[in-house]
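All heavy atoms count here, side chains included; hydrogens, waters and symmetry mates do not.
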Amino acid sequence: MVKGPVLESGQSGYQAECAAYQRIVRHRPALVVGATGGADVAAAVSFAARHDLGIGVQATGHGAAVPADGGLLVSTRRMAGLHVDPGARTVRLEAGVRWEQVIHAAAAHGLAPLSGSSPDVGAVGYTLGGGLGLLGRKHGYAADHVRWIDVVTLDGRLRRTSPAEHPELFWALRGGKGNFGVVVAMEADLIPVPSLYGGVLIFPGRDAGDVLREYLRWSAEAPEEMSSSIALIRHASPDEVPGLRDGLAVHVRVAYLGSGRRGAELISPLRGLRPVLDTVADMPYTRVGSIHNDPREPGVYHERMMMLGRLDDQAAGVLMELAGPGARCPVRLVELRQLGGALGRAPAVPNSVGNRNAAFALFSASPAARQEEADEVAAAQARLLARMQPWGTGGKYVNFLAGRADPAEVLACYSAADHRRLATIKAAYDPRNLFRFTHNIPPAATAEDLRFDYSE
């Protein structure tokens with residue numbers, strides 16, 4: 001018996017239950033189940049398995065990749081249980097919890113989660129894809145700090161996974177997205193953060209080349225306590241930021257775990273370039289969303305990304321040519337996020353998060369609802385990725401592939417060995433590939449590929 005709503009197409013509430021934040025994906029499942037807890041999830045998964053229905057999962061839909069057309073969609077947004085243990089510095093949360101809720105609950109104890117640029121994102125989905133956060137260079141990926149995960153697998157069983165229980169599945173879940181079951185809850189570490197020195201420095205587009213080159217030099221020497229990114233943003237209205245004439249602005253975002261005095265010393269070379277707007281200051285972690293100020297409204301967002309190695313002046317020149325002042329660029333945002341530090345090291349408990357050798361993540365995004373706009377944006381993004389290939393590592397980051405589930409791109413999120421291991425685990429837990437409405441990892445094709453027992 002399912003306590004939450006079970007809806008078919010045409011019923012009242014069906015469309016609202018299926019709607020994702022990322023509107024480039026439109027779900028049209030045969031059934032959508034508004035789960036209220038683990039029992040509802042188990043009943044939904046068991047039903048789908050009996051009827052050979054593909055299974056999709058959605059909390060907020062920020063990372064929606066594949067429409068759950070004709071299948072069963074599990075909506076987890078009602079699963080909002082949350083408990084902070086300040087002594088253990090951990091948080092237990094259910095599948096529908098957003099980072100904003102965790103941020104405020106943890107801040108009461110001087111703690112913070114390894115959340116990302118948008119507090120509006122679902123915490124579980126973000127973490128299953130790795131979780132590239134604003135404290136990442138110091139503390140690594142969010143997936144590196146998960147203590148256990150409760151997941152309903154295809155047989156309808158609820159399994160507690162951890163380093164000691166179902167360790168292969170635990171390894172796969174942290175980085176492998178929704179390929180192995182429906183996660184209903186997890187426990188993760190919290191970080192002591194009494195305050196943060198952070199904010200944004202905004203420069204006019206005409207200075208973009210100088211700012212980018214200085215940023216690349218500056219970031220190469222930045223300590224691990226400093227996480228940062230630089231973005232070329234074409235504002236919809238030039239009046240959004242004072243001092244802009246053509247709508248193009250350069251945003252340098254910083255988040256420093258340390259004193260404001262030391263933080264100010266560290267960013268003084270950037271301030272020396274005379275930003276037109278400077279919001280960098282000591283702030284409580286509850287205001288961390290103001291650093292990137294990601295859009296909260298659902299929309300059709302076209303996103304592309306690639307992982308990069310070290311960048312030089314020639315790379316900066318290519319970015320300026322394609323997205324700088326004077327470029328006819330239809331893409332709203334082109335961003336470089338600095339990686340390295342703890343993001344580049346193996347965690348204490350290994351997981352499947354890949355491409356830790358990259359120095360930067362190049363991310364581009366643009367709203368484009370009309371087809372002609374979408375085609376123009378797609379062509380510009382493809383040109384950008386092609387021209388930046390000399391600096392590319394060949395890797396991708398799965399959480400930045402929203403709206404895209406190209407098998408080659410999913411494969412590029414992992415090393416060849418890790419992808420084979422994930423496919424083997426997939427074959428053990430989901431041999432029919434019913435959990436395919438995600439950044440799919442197909443099951444290993446032959447019995448010889450199986451390296452462990454499903455009954456572990």
Side-chain angles (χ1 to χ4, degrees), residues 117 130 132 136-137 141 203 205 207-222 224 226-234 248 250-254 269-270 292 302-345 353-366 377-402 404 406 408-416 418-419:
S117 60
L132 174 56
R137 280 173 44 79
Y141 287 94
F203 303 86
D207 296 338
D210 291 339
V211 176
L212 177 58
R213 289 179 176 86
E214 177 58 31
Y215 172 79
L216 293 177
R217 286 189 287 270
W218 171 83
S219 60
E221 303 298 326
E224 293 184 2
M226 178 71 76
S227 292
S228 68
S229 69
I230 184 168
L232 302 168
I233 299 179
R234 282 171 162 78
L248 177 65
V250 186
H251 292 221
V252 178
R253 292 86 168 256
V254 300
L270 300 174
H292 281 242
H302 297 262
E303 302 179 4
R304 296 293 301 273
M305 75 85 53
M306 66 188 298
M307 293 295 212
L308 302 173
R310 293 292 172 190
L311 302 179
D312 53 24
D313 283 353
Q314 186 179 357
V318 171
L319 286 171
M320 287 300 99
E321 178 188 341
L322 297 178
R328 294 186 68 254
C329 181
V331 180
R332 183 71 59 84
L333 174 144
V334 175
E335 180 190 48
L336 290 171
R337 292 197 189 187
Q338 188 184 16
L339 306 176
L343 295 167
R345 296 192 288 269
V353 178
N355 294 305
R356 292 178 183 262
N357 62 326
F360 290 94
L362 172 62
F363 175 70
S364 68
S366 195
V377 166
Q381 290 176 317
R383 283 194 299 272
L384 177 63
L385 267 57
R387 291 286 303 280
M388 292 300 293
Q389 280 299 331
W391 298 275
T393 66
K396 303 280 185 180
Y397 171 57
V398 69
N399 275 355
F400 283 176
L401 297 181
R404 299 183 61 84
D406 183 307
E409 290 193 298
V410 176
L411 181 63
C413 295
Y414 310 98
S415 70
D418 281 354
H419 192 270

- Task: Of all the heavy-atom pairs spanning Gly205 and Pro325, show the shortest one and how long it is.
- Result: O-CG, 3.3 Å
- Does Arg332 reach the main-chain N or O of Arg234 with its side chain, forming a donor-acceptor pair under 3.5 Å? yes
- Ile233 side chain reached by Glu335 side chain, heavy atoms, under 4.5 Å: no
- Note on the structure: Closest non-hydrogen contact found for Val334 with Ala323 is CG2-CB, 4.0 Å
- Backbone of Phe363 reached by a side-chain donor or acceptor of Arg304 within 3.5 Å: no
- Carefully, step by step, assess Met226 and Trp218 under the rule side chain to side chain contact (heavy atoms under 4.5 Å, CB included). CA-CA 11 Å; Met226 178 71 76; Trp218 171 83; 3.7 Å; yes
- Supply the atom-to-atom distance Leu322 CG to Arg387 CZ, rounded to the nearest 0.5 angstrom. 5.0 Å
- Item | Contact summary for Met307 and Ala358, nearest pair of heavy atoms | CB-CB, 3.8 Å
- Query: Between the side chain of Arg337 and the main-chain N/O of Ser229, is any donor-acceptor distance below 3.5 Å?
  - Reply: no
- Any idea which heavy atoms bring Val254 and Ser228 closest together, and the distance? CG1-CB, 4.2 Å
- Task: Mark yes or no for whether Glu409, through its side chain, and Leu401, through its backbone, hold a donor-acceptor pair below 3.5 Å.
- Result: no
- Query: NZ/Lys396 to CG/Leu362 distance, rounded to the nearest 0.5 angstrom?
  - Reply: 9.0 Å
- Leu336 side, atom CG; Tyr215 side, atom OH - distance, nearest 0.5 Å: 7.0 Å
- Look only at the side chain of Asn355 and the backbone of Ala412, and say whether a donor-acceptor pair between them is shorter than 3.5 Å. yes
- Message: How long is the straight-line distance from OG of Ser364 back to CG of Leu333, given to the nearest 0.5 Å?
- Response: 8.0 Å
- Query: So, do Leu212 and Leu319 sit near enough that their side-chain heavy atoms are less than 4.5 Å apart?
  - Reply: yes
- Query: Is Arg310 atom CZ crowded by more than 12 heavy atoms from other residues, nucleotides or ligands, each under 6.0 Å away?
  - Reply: no
- Look only at the side chain of Tyr397 and the backbone of Gly130, and say whether a donor-acceptor pair between them is shorter than 3.5 Å. no
- Check Met305 against Leu385 and note the closest heavy-atom contact, atom names and distance. O-CD2, 3.7 Å
- Query: Crowded around Glu221 CD? As in, over 12 foreign heavy atoms under 6.0 Å?
  - Reply: no
- Under a 4.5 Å cut-off applied to non-hydrogen side-chain atoms, are Val250 and Asp207 in contact? no
- Just by distance, with hydrogens left out, do Ser117 and Arg253 show a side-chain donor and acceptor under 3.5 Å apart? no
- Task: Calculate, to the nearest 0.5 Å, the distance between atoms SG and CG belonging to Cys413 and Asp418 respectively.
- Result: 12.0 Å
- Note on the structure: Interatomic distance, CD@Gln338 vs CD1@Ile230, rounded to 0.5 Å, equals 11.5 Å
- Message: Quick check against the 3.5 Å criterion: does Gln381 have a side-chain atom that pairs as donor or acceptor with the backbone of His302?
- Response: yes
- Item | Asp210 side chain near Phe203 side chain, heavy-atom distance below 4.5 Å | no
- List the atom of Ala402, the atom of Glu303, and the distance in Å for their closest heavy-atom pair. CB-OE1, 3.4 Å
